[in-house]
**Q** 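Quick one: structure below, then a few questions.
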Amino acid sequence: MLVFLPVVVLAVLVGAVACLVYHVSVVRALATGWRLVAALPGTRFDLEQGRTAVLVSIR
């Protein structure tokens, strides 16, 4: 988990700059992003193509 921290920090900074450029409230955008991430646990994706199948489950 600690490995992804620099990527997350960079993504937040890029998102904040994009919010400023497009005149979107940074606080509201971060709150919405947090709600999206908080809603992910329990999400399950089943992907199938031909004989290959992948199951992605977010805990």
**Q** Connecting only ILVMFWY residues whose side-chain heavy atoms lie within less than 4.5 Å of each other, what is the rest of Leu55's hydrophobic cluster?
**A**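 ILVMFWY cluster around Leu55 holds nothing else.
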**Q** Do you know which two heavy atoms are closest between Ala38 and Pro41, and how far apart they sit?
**A**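 Closest approach of Ala38 to Pro41, heavy atoms only: O-CD, 3.2 Å.
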**Q** Taking ILVMFWY side chains as joined if any heavy atoms are under 4.5 angstrom apart, and letting links pass through other members, which residues group with Val7?
**A** none
**Q** Which ILVMFWY residues are connected to Val21, directly or by a chain of links, through side-chain heavy atoms under 4.5 Å apart?
**A** Val17, Tyr22, Val24
**Q** Going through the distances and angles, do Phe45 and Ile58 end up as a side-chain contact (heavy atoms from CB on, under 4.5 Å)?
**A** CA-CA 9 Å; Phe45 299 99; Ile58 301 172; 4.2 Å; yes
**Q** Scan for salt bridge (charged side-chain N to carboxylate O under 4.0 Å, His left out) pairs involving residues 45-59, sequence neighbours excluded, and state none if there are none.
**A** Arg44-Asp46
**Q** Listed by chain and number, what are the side-chain contact (heavy atoms from CB on, under 4.5 Å) partners of Leu36, not counting sequence neighbours?
**A** none
**Q** Atom CG of Leu30 and atom OG of Ser25: how far apart are they, to the nearest 0.5 Å?
**A** 8.5 Å
**Q** Mind checking what makes side-chain contact (heavy atoms from CB on, under 4.5 Å) contact with Leu20, not counting sequence neighbours?
**A** Val26
**Q** Can you name the nearest heavy-atom pair linking Thr43 to Leu40, along with the distance?
**A**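 Looking at all heavy atoms of both residues, the closest pair is OG1-O, 2.5 Å.
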**Q** If you look only at pairs with a residue in residues 20-43, which of them pass as a salt bridge (charged side-chain N to carboxylate O under 4.0 Å, His left out), with sequence neighbours excluded?
**A**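 Pairs touching residues 20-43 that pass the test: none.
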